[in-house]
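Note that the structure is predicted; figures quoted are calculated from it, not measured. Values below: all heavy atoms of this structure, side chains included; hydrogens, waters and symmetry mates excluded.
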Amino acid sequence: TSPTSPTSKTTPSPTPLSPTPVDPSSKLALENLCSDENTEGKMQSVLNLEEEIIIIEAVNFRNNNEEMAFGLYEQLLTDMDDVEVLFQMELPDWDMGLFTKFKNGQVFRDDFLNNDEMQSIVSSRKQIQNSKMWATTLSSDVPAMYPELIGPTGSPDRLLFHGITFTEPNGREKVAIFDEATKELKSENNYFTLGWFDVAATCIGEEDKYDQFRIESMRSIAEYAKVFSDEIWVPASKQRTEGSDLTVSFTDFVKDWTKISNMYN
């Protein structure tokens, strides 16, 4: 039988950011880092968030100068108070993937974007031509509805990096059916979630392209393979496929990283 939607749980969409009137000072701050088309609207709303902000970046380097500029930028982030580098990894289509947590929007704006001592480094980061950057918030769905997906960070064999664009009108609900149906199967085979990140805005790149990013860990390829042979997997995956825009959504296997974190442990 096909999985059905759980009756005792719901999967609310993240509260969309309220429209923010264009604020010249916020626009000026965002111009230090974001692409010109992303210095108003949702990115300005991000600066007003009181919750933690996770900035996700994907970067390709054209030359050593860009790589050195990014290295200085990453060191700047590492040295800041109320800022933490969560994930640093090599992605299949990118030289570097970086996830950085800021305490809130004010820290991102005042301590980072508007810090005169950091302007030259932040400006050099913006000049890297081939990169993407998203402002996200941590999803509470995992501890609230899928605690089975929370496990030890350990020393995984691989990570999986997912970018999801939900189909309209009910793609998010279809993917939730998949998550509910497979949570115990994944847990039994040491296939855990390190973080779900809801996209609030785009700083560099195309706005509204992705709804959510996820990072999962697998302890071993052998255990990962067991998941696909279970009778639950095929009908559940059909729900995930129907709920995801496959022209945009992706899953990447990650085998090289220097820093990972567990957002729920």
Side-chain angles (χ1 to χ4, degrees), residues 17 20 23 25-36 38-39 42-61 64-91 94-140 153 159 161 194-205 213 215 254 256-265:
L17 295 179
T20 299
D23 171 35
S25 64
S26 295
K27 180 177 175 64
L28 189 63
L30 291 167
E31 285 175 350
N32 293 326
L33 182 62
C34 299
S35 49
D36 292 343
N38 294 326
T39 57
K42 292 182 179 179
M43 270 309 302
Q44 289 200 11
S45 298
V46 166
L47 303 182
N48 297 324
L49 289 176
E50 296 182 357
E51 62 190 289
E52 294 176 340
I53 299 167
I54 297 92
I55 299 295
I56 299 178
E57 306 180 57
V59 184
N60 273 331
F61 305 118
N64 289 338
N65 289 338
E66 287 193 345
E67 189 169 2
M68 289 177 61
F70 194 84
L72 290 172
Y73 165 80
E74 186 178 358
Q75 187 61 52
L76 179 156
L77 294 170
T78 302
D79 292 341
M80 289 182 64
D81 295 330
D82 297 325
V83 177
E84 180 185 359
V85 173
L86 301 171
F87 296 88
Q88 185 200 61
M89 52 197 176
E90 183 178 330
L91 301 175
W94 301 91
D95 294 325
M96 174 75 73
L98 191 72
F99 291 49
T100 307
K101 179 178 69 177
F102 292 79
K103 183 178 180 180
N104 51 44
Q106 183 178 358
V107 169
F108 183 59
R109 172 180 173 155
D110 295 343
D111 297 352
F112 182 59
L113 295 178
N114 277 342
N115 190 321
D116 292 338
E117 296 178 358
M118 302 177 181
Q119 284 304 302
S120 62
I121 295 177
V122 174
S123 177
S124 295
R125 162 64 186 94
K126 180 179 179 179
Q127 296 307 313
I128 296 176
Q129 290 193 5
N130 191 4
S131 71
K132 305 292 183 185
M133 184 184 295
W134 301 272
T136 74
T137 57
L138 183 65
S139 172
S140 60
T153 306
L159 302 180
F161 178 41
L194 298 183
W196 290 5
F197 307 90
D198 293 318
V199 178
T202 301
C203 178
I204 299 175
F213 294 105
I215 295 185
V254 179
D256 295 312
W257 58 84
T258 56
K259 177 71 182 294
I260 62 173
S261 303
N262 191 324
M263 304 304 297
Y264 302 115
N265 260 348

- Going from CZ on Phe112 to CG on Leu33, what distance comes out if it is rounded to the nearest 0.5 angstrom? 5.5 Å
- Do the non-hydrogen side-chain atoms of Ile56 and Val199 ever get within less than 4.5 Å of each other? no
- State the CH2-NZ distance between Trp134 and Lys42, to the nearest 0.5 angstrom. 14.5 Å
- Task: Work out which heavy atom in Cys34 is nearest to a heavy atom in Met43; give both atom names and the distance.
- Result: SG-CE, 4.0 Å
- Query: Closest approach of Met80 and Met118, non-hydrogen atoms and distance?
  - Reply: CG-CE, 3.7 Å
- Spacing of CD1 belonging to Ile128 relative to CZ belonging to Phe70, to within rounding of 0.5 Å: 6.0 Å
- Task: Identify the heavy atoms of Ile53 and Ala135 that sit nearest to each other, and give their distance.
- Result: CG2-CB, 4.3 Å
- Indicate yes or no for a side-chain donor-acceptor contact from Glu31 to the backbone of Thr39 under 3.5 Å, with no hydrogens or angles considered. no
- Mind running side-chain contact (heavy atoms from CB on, under 4.5 Å) on Glu57 and Ser131 for me, showing each step along the way? CA-CA 7 Å; Glu57 306 180 57; Ser131 71; over 6 Å; no
- Task: To the nearest 0.5 angstrom, please state how far the CG atom of Leu91 sits from the CE atom of Met96.
- Result: 9.5 Å
- Query: How are the rings of Phe161 and Phe99 set to each other: parallel, tilted or perpendicular (split at 30° and 60°)?
  - Reply: perpendicular
- Query: With distance as the sole test, does Asn60 use its side chain to make a donor-acceptor pair with the main-chain N or O of Asp95 at under 3.5 Å?
  - Reply: yes
- Message: Counting C-beta onward and ignoring hydrogens, is there a side-chain heavy-atom pair between Tyr264 and Leu138 closer than 4.5 Å?
- Response: yes
- Task: Specify the closest pair of heavy atoms between Val83 and Leu77, including all atoms of both residues, with the distance to one decimal.
- Result: CG1-O, 3.7 Å
- Over 12 foreign heavy atoms within 6.0 Å of CD, Gln106: no
- What distance separates Trp94 CH2 from Asn130 CG, expressed to the nearest 0.5 Å? 4.5 Å
- Can you check whether Thr136 reaches Asp198 side chain to side chain, under 4.5 Å on heavy atoms? no
- Query: Is any side-chain heavy atom of Leu86 less than 4.5 Å from a side-chain heavy atom of Met263?
  - Reply: yes
- Message: Would you say CG of Asp79 has more than 12 non-hydrogen atoms from neighbouring residues, nucleotides or ligands within 6.0 angstrom?
- Response: yes
- Query: Hey, is the main chain of Leu113 close enough, under 3.5 Å, to the side chain of Asn32 for a donor-acceptor pair?
  - Reply: yes
- Task: Verify, without hydrogens or angle tests, whether Ser35 (side chain) and Cys203 (backbone) share a donor-acceptor contact under 3.5 angstrom.
- Result: yes
- Query: Checking side-chain contact (heavy atoms from CB on, under 4.5 Å) for the pair Asn104/Leu49: CA distance, chi angles, key distance, verdict?
  - Reply: CA-CA 6 Å; Asn104 51 44; Leu49 289 176; over 6 Å; no
- Note on the structure: One should read off an interatomic distance between Lys103 NZ and Asp111 CG, to the nearest 0.5 angstrom, of 10.0 Å
- When you look at NZ of Lys126, are more than 12 heavy atoms from neighbouring residues, nucleotides or ligands closer to it than 6.0 Å? yes
- Verify the neighbour count for atom CD of Gln127: are there more than 12 heavy atoms of other residues, nucleotides or ligands below 6.0 Å? yes
- Might you point out which heavy atoms bring Met89 and Val254 nearest each other, and give the distance in Å? CB-CG1, 3.9 Å
- Measure across Leu98 and Glu74 and return the closest heavy-atom pair with its distance rounded to 0.1 Å. CD1-OE2, 3.7 Å
